[in-house]
Amino acid sequence: MTTTILRLCGQHTELQLRHRPTAELLYWGRKLAHFDQAAADTLVRAVPNSRLDVDVPLGLNPEAGRGVFSAPGVEGHRQGMDWSPVFEPVSVSHQGQQARLIYEDAIAGLRLEMEIGLDPDSEVLALRHTLTNLKAGDYELARLALTLQLPERVSELQAFHGRWCKEFQSHRVPLVHGGYLQENRRGRTSHEYFPGFMLGTPGFGEQQGEVWGFHLAWSGNHRLRADVKSDGRRFVQAEALYAPGEIRLAEGESCSTPWLYASYSDAGLTTMSRRFHRFVRAHILNWPVAKLRPVHLNTWEGIYFDHSPAYIMEMASRAAEMGVERFIIDDGWFRGRDHDRAALGDWYLDERKYSEGLEPVIAHVKALGMEFGIWFEPEMVNPDSDLYRAHPDWLLALPGYHQPAGRFQYVLDLQNPEVFGYLLARFDELLGRYHIDYVKWDMNRELVQPGHEGRPAQHGQTLAVYRLLDELARRHPRVEFESCASGGGRIDYEILKRAHRFWPSDNNDALDRQQIQRGMSYFFPPEVMGTHIGTHHSHSTRRELSIAFRGLTALFGHMGVELDPVKESEAERQGFARYIALHKQLRPLLHGGEVVRLDSPDPAQLIHGVVSPDRSEAVFYVGQLTLPRYALSGALRLPGLAADKRYRVELLERPACFDYGVMKKLPLWVDGGCVAGGDWLAEAGLAMPVLDPQSAMVIKLTAL
Ligand code: DGJ
């Protein structure tokens, strides 16, 4: 009998790992009734003809030197030597649901440490590898990847693509030979490829199918791969991408992968998300003060660079009347920042605009009972700035090559101690001088030829950004941060360990926001998703949408408004106030409950909700994006409620289209509500009314 198998358990799922001769994932799925060390013998495979004479495990670190013909977990060399390591077990520690496995290759002089843990509460798996050079002579590490094998029944993959103003669009592909590969080389998490995907059994959906979800927590370049081998085995591999020669380990030095977070669900994507959200709430988020998420007003689309303190104070007064709780001055407050072509780097208050300082504005905001926030973009410099004129050599660039500008700006080399020191001093001083509760930390361009002293520096730059944020948070522990990068260009769990909110997109158009917010909801809970009501015509698409559609769409995140309340009509202002009040009323449920997404048979509809953990209340959103496919949309089945509870069902507000004659007769429950059991609502459902395109309704359920 073998005693080399570790078991990591949650309440519903488990993992079994063999740790010698190599680390191998034997099982990851539903929790089993029994654990038997000998049971793994059932998985000992045949060795077919015309292959190596032994069966070679794929392993958590595939080793070409053992005969794994897939992308290895470690690639590197020491001046052309030690390039095909084979690691032998050294030690294992296993405590609770955490394990630490250490392997060494005495010939290559390398140690590989694997940390793997299953959070028993959320059932989310966390995995990280660390490679250490044990020998004299630098080890040039080209790749260090995390690999997890998946069962043969996995056949589909859902991933995300996107661009500026259109983040988190999802696509589905079959998992076949040749596999799926995504690479982000943009130097930040990117709009293009979110570092996460889901794989599952055929036709997996929101409520059905087995799903394995993965997120690589890293704000720089990454590679995610899912592949099928010729013997049918499937695996997922995740890694940070290093530039050639970037990771050079001297004797005793180490390099770690980012954390890979993963979750298994036997009940579809919604259960997977619930697990990730639970994990984020318990282990990633770090609130300075646990409190209700304050409703924002962000000035960007309201005034852009046109800052006048008196006017801004008037905006703040109007904002407070509407129920706003945190007032944020966006770009345009610092010296010379009249447009986006100048001044980044000169982090001093613009005294032409704020001749009496920022203090009167902050005092006014605070007197109105709101928190005060401000916009920073620390990593950047405009060529037209005093900072650049004084230090043209501070750029993250390669000497001798032309560095293209992006949004008229360059990136600063944060691994240069002088640059790091300057930024730390400037932002430390600003956060110390002014009573700032909140920072919107922006990052508006991608990295091209990121060089530090001629060497590649994109990995190091990402780590330096983390260090800068960590040090500012240490010095100013009560300040909250928002991660923004031209909208949703830096959204991941590693930055979220240092941030408290994301700006998902510069696109506030409620129609486009449907998919953006849905895509983001797979891995992120509503309280970190910034959702702002914009003006009636969207600044990014020029589309005009009703206040009801805009307001209800923004309800299901961390709400805010993005506009100039002084210029808005009285009717619009009343609309903002109305949805802010509704958000506040639902906020504890929205920000503490469990997200439910529904697969709608009609792509013209998008339906999701939040159910309180004790199942005593729930709220569901039905968005009608375009004309419904059928004259009637059938019955809406509402999963996630308690089967044995009875609920009062009510429409939270009557969509205007109900009074324009889209129906001769409304479903019976719409006027006055109804009462039904949780299992009835889940299995039989509610007859749907007809909705106009670009409208929405919200249904509230309260247990009797
Ligand atoms: C890009 C951000 O995504 C916007 O919200 C805004 O803050 C601008 N930058 C300001 O320059």
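Start at 1 and go down the list; that is how both ligands and their atoms are numbered. We use all heavy atoms of the structure for the numbers below, so side chains are in, but hydrogens, waters and symmetry mates are not.
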Geometric N/O contact Gly487 with ligand 1, under 3.5 angstrom: yes

Minimum-distance protein heavy atom relative to atom 7 (O) of ligand 1: Asp330 OD1, 2.8 Å

Region of Asn444 engaging ligand 1 - heavy atom pairs below 4.0 Å: side chain

Side chain, backbone, both or neither: the part of Cys484 lying under 4.0 Å from ligand 1 by heavy atom: side chain

Atoms of ligand 1, numbered as shown, that sit under 4.0 Å from any heavy atom of Asp331: 10 (C), 11 (O)

Proximal candidate to atom 2 (C) of ligand 1 [heavy atom criterion; set Thr299, Asp442, Asn508]: Asp442

Location of contacts on His532 toward ligand 1, heavy atoms closer than 4.0 Å: neither

Parallel, tilted or perpendicular: ring planes of Trp333 versus Trp347, cut at 30 and 60 degrees: tilted

Carboxylate-amine/guanidinium contact Arg498 Asp470, below 4.0 Å: yes

Parallel, tilted or perpendicular: rings of Phe556 and Tyr621 (30°, 60°): perpendicular

Glu482 heavy atom under 4.0 Å from ligand 1: no

Distance under 6.0 Å and angle within 45° of ring axis: Arg281 vs Trp287: no

Aromatic ring pairing Phe194/Phe168, orientation class (parallel under 30°, perpendicular over 60°, tilted between): tilted

Min N/O separation Trp375 to ligand 1 under 3.5 Å: yes

Glu568/Arg573 ion pair, N-O < 4.0 Å: no

Mutual orientation of the aromatic rings belonging to Phe279 and His283 [parallel < 30°, tilted 30-60°, perpendicular > 60°]: tilted

Sub-3.5 Å N/O-N/O distance, Asp506 and ligand 1: yes

Test of proximity, Lys440 against ligand 1: N or O pairs below 3.5 Å: yes

Polar contact flag for Glu562 and ligand 1 (N/O pairs, less than 3.5 Å): no

Glu371 with Lys291: basic N within carboxylate O range, under 4.0 Å: yes

